[in-house]
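Basis for what follows: all heavy atoms, side chains included, without hydrogens, waters or symmetry-related copies.
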Amino acid sequence: MGGKITRVATDVGGTFTDLVCFETDPETGMSDLRIAKSDTTPPDFETGVLNVIEKSGVAPDEIDFLAHGTTIVINALAERTGVTVGLVTTLGFRDVLEIARGNRPDFFNLHYDKPPPFVPRYLRRELPGRITYLGEELQPLDLSPLPEIIDEFRSEGVQAIAICLLHSYADPTHELEVQAEVRRLWPDVPTVASHQITREWREYERTNTAVLSAYVQPVAERYLKKLDEGVRTLGFTGPLYVMQSNCGVDTVDSASRIPITMVESGPASGVWGAAELGKLIGERNIIALDIGGTTAKCSLVHDGHVKIVTDYWIERNRTSSGYPIMVPVVDMVEIGNGGGSVAHVDRFGKLYVGPQSAGALPGPAAYGKGGTEATTTDANLWLGRINHEFFCGGTLKADMASAETAINAIGKKLRVGADDVARGIVRIANNNMVNALKLVSVNRGYDPRDFTLVAFGGGGPMHAVSLAQELGIRKVVVPPGAAVFSAWGMVMTDLRRDYFVTRLVDLVPDSAGIIETTFRETEDLARRQFEREGIEANRVRFVRYGQFRYQNQEHTTDVQIDIAEIGANHVSPIVERFHQTYEREYTYRLNAPVEMVGIHVVASAEAGRFTITEQPLGTADAGTAVKGTRDVDYALEGVHRATLYDGERLRPGMRFQGPAIIEDPGMTVVVHSGNRVRMDGFGNTHIELG
């Protein structure tokens, strides 16, 4: 490895912790890919990371770049393992957190209860002082009650303080003063002010975001500190970066201060990896599909751009309105369907798959670790889609007897045989995933037939062709190392921060100066923040977006603005771009004035990024990769004799047709009858549907 540039990324999933390593020769540009997986180790997740680094055989002292994605934040929120939080807000607004919004998904339930706030009322305190929505001081801030508030917080066992004052998105001066005084009175308590996270309006969403960030801050900080110390103990000496939900990485120090930005770090990196892969192979319109052990996640990439939103909610379902988190998150749909999703029959005799998961322990019944319920993995094994003699890459002996017992238990309730149960589980799981794919495509005004499906995760390649057939998608691409592709995406990321600023102004030529000034001020702020961390201003790149709406509407539509300096003559084309974007998403446009509600600036800087060199294509004959044949039940298409291919022996240029199964240590690719397969120079598997 001497002289090579080594870039490593680790990703903690619900079942496994993944590692991807690229070792690149700077002279030839050739890269060697190394992957590894180990069990996730809750609650000490950093142990799993250290285990997978050691298992990979990568020398830590030779790693030049190390990125990390973690579920620590979303787990702490879901399992309620954060800390006790006190909230300081504007006089008269302590109940904003509890009033919340009037959205009731369970609309006709007369006994509906809103989700309880993360801060009970007795820990929500108020201070006099008021800033207007224009950023003007209406009433001076009065800090005199703060010493008593701090004393009471101490006595109540508060471990972190959230600060959210009215209209601080317009002027954060009062929040800064409160935060400084809290630190003077109680230096040891972590504080999070809403303006540190977002400068967007919507009082409830901002307040809840600040509270949730404070709730997980001590937990995340301890975890990142232990992880940093652990990799240093192994011998790593370079910078450690943390994956964010906005498809970029950030420093450990920045992520520790505002950890809520990591809420969907793992899924975001997979989507980013799919977008970068699409640029490599000339596919700029992509639907990314990530099927893991617990969930399936999908997102749409249009013309190479990943959509980032701040309208993100956790625990939102048909019976609960959930909790908003106003941070930049990749626009995706996530459902509880993965390899470990449990099949169950309700009291009316109806079969369901998910959202409950068997997890890593006990796992699917075939794991032989005590699992007794049938899962999607058990069904795929039973149908021969997964090779029980090469289960988990041959590292685990499939307990087919336990899988059969679990499947037959379902069959007894449904009064059908094991084959029909397994087919039903796979078909229902596929149907659930098709609905998710429609939510990110058809429901957003996009025709999925215009896109290529990039499938990854341990289960993505197994189900991808079935899902593509249902949606009319003509091509599926499976990347090399698909089972650890989220970690692959992290290797391709940049340092990135997203800035949202609310600035209400009519979208007319006379407003061009105000709009340009808002962008310039935000970009200058980003440069200063990067410079404080040793990143020169000339390394920072910007992408501009405007948040627009028709006058008197409630919500906005984002439009990218490819203009370095906005003048009066640029406003009319921006208005037309908004009309087009709005019409695509909602099927109509209005003859009404347009206004800008705010801006979104993406600031990024390369973190020693690299490119992958395409390998020359060789022979089309894939015979050397054939390892045998097997009867495979394709659920909807009957049983076919499929040719088995060793994924590690497939080379660029090789071609073959289905029915076939590609077996790789970390995944299985199911190729249906009539599909045409080719390997490209980057090691991707292209599956063209009939």
Side-chain angles (χ1 to χ4, degrees), residues 1-13 16-41 44-72 220-244 248-256 262 265-266 269 273 480-481 483-496 530 533-536 539 605-613 665-666:
M1 283 172 53
K4 289 189 175 182
I5 299 171
T6 304
R7 294 172 63 89
V8 173
T10 60
D11 177 42
V12 178
F16 296 108
T17 296
D18 304 331
L19 178 143
V20 164
C21 171
F22 276 102
E23 298 167 2
T24 307
D25 188 322
E27 294 183 3
T28 64
M30 305 289 283
S31 295
D32 294 325
L33 172 66
R34 185 185 303 191
I35 63 175
K37 296 176 79 74
S38 67
D39 290 339
T40 294
T41 54
D44 300 318
F45 294 97
E46 70 281 356
T47 301
V49 177
L50 302 180
N51 289 344
V52 79
I53 292 174
E54 291 185 308
K55 184 177 179 181
S56 71
V58 178
D61 60 339
E62 296 184 17
I63 297 175
D64 300 288
F65 169 94
L66 178 59
H68 176 63
T70 176
T71 56
I72 187 73
E221 185 176 34
R222 283 196 300 269
Y223 168 73
L224 292 176
K225 182 179 179 181
K226 289 167 69 175
L227 176 64
D228 191 54
E229 292 173 348
V231 295
R232 304 298 172 194
T233 301
L234 291 180
F236 174 66
T237 58
L240 173 62
Y241 296 105
V242 181
M243 188 68 196
Q244 306 290 288
V249 293
D250 209 342
T251 61
V252 169
D253 183 57
S254 178
S256 297
M262 301 188 296
S265 67
S269 60
V484 295
F485 190 68
S486 289
W488 188 94
M490 289 179 211
V491 178
M492 304 295 290
T493 55
D494 295 326
L495 280 166
R496 170 173 171 156
F530 275 114
E533 297 177 15
I535 299 166
E536 301 86 354
R539 289 179 53 197
E606 287 190 3
R609 204 168 168 207
F610 75 108
T611 57
I612 300 175
T613 303

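The shortest non-hydrogen separation linking A487 to A9 is O-CB, 3.1 Å. Residues A483 and G666 share a closest heavy-atom pair of CB-O, 3.1 Å. Here the closest heavy-atom approach between residue G48 and residue S38 is recorded as O-OG, 3.3 Å. Nearest heavy atom pair, residue L50 against residue G230, reads CD2-C, 3.6 Å. Scanning all heavy atoms of the two residues, the minimum distance from C21 to V58 falls at SG-CG2, 3.8 Å. T10 approaches I53 most closely through the heavy-atom pair CG2-CG1, 4.3 Å.
Residue L66 holds its CG atom at 7.5 Å from CG of L227, rounded to the nearest 0.5 Å. Considering CE of M243 and OG1 of T70, their distance stands at 12.5 Å, rounded to 0.5 Å. With rounding to the nearest 0.5 angstrom, the CH2 atom of W488 is 14.5 Å from the CG atom of D11. Atoms CG and CD1, from L234 and I63 in turn, are 8.5 Å apart once rounded to the nearest 0.5 Å. Rounding to the nearest 0.5 Å gives a distance of 8.5 Å between CD1 of I72 and CG of L224.
Not one N or O on the side chain of T40 forms a donor-acceptor pair closer than 3.5 Å with the backbone of V12. No donor-acceptor distance shorter than 3.5 angstrom exists from the side chain of S265 to the backbone of G69, with no hydrogens or angles considered.
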Check step by step if side chain to side chain contact (heavy atoms under 4.5 Å, CB included) holds for V8 and F236. CA-CA 11 Å; V8 173; F236 174 66; over 6 Å; no
Walk me through it: do T17 and K55 pass the test side chain to side chain contact (heavy atoms under 4.5 Å, CB included)? CA-CA 11 Å; T17 296; K55 184 177 179 181; over 6 Å; no
What verdict does the side chain to side chain contact (heavy atoms under 4.5 Å, CB included) test give for V242 and D250, after you've listed the backbone C-alpha separation in whole Å, the side-chain angles of each residue and the deciding distance to 0.1 Å? CA-CA 5 Å; V242 181; D250 209 342; 5.7 Å; no
Show your working on side chain to side chain contact (heavy atoms under 4.5 Å, CB included) between Q244 and R496 and close with a plain yes or no. CA-CA 8 Å; Q244 306 290 288; R496 170 173 171 156; over 6 Å; no
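The aromatic rings of Y223 and H68 are tilted relative to each other, their planes meeting at an angle between 30° and 60°.
For the pair R7 and F65, the cation-pi test (distance below 6.0 Å, angle within 45°) is passed.
By the side chain to side chain donor-acceptor pair (under 3.5 Å) test, S56 pairs with no residue at all, sequence neighbours left out. Judged as a side chain to side chain donor-acceptor pair (under 3.5 Å), and not counting sequence neighbours, the contacts of D18 are K37.
Each of K226, R232, K225 was scored for a side chain to side chain donor-acceptor pair (under 3.5 Å) with D228, with one residue passing: R232.
Residues T493 and Y241 form no side-chain contact, since every pair of their non-hydrogen atoms from C-beta on lies 4.5 Å or further apart.
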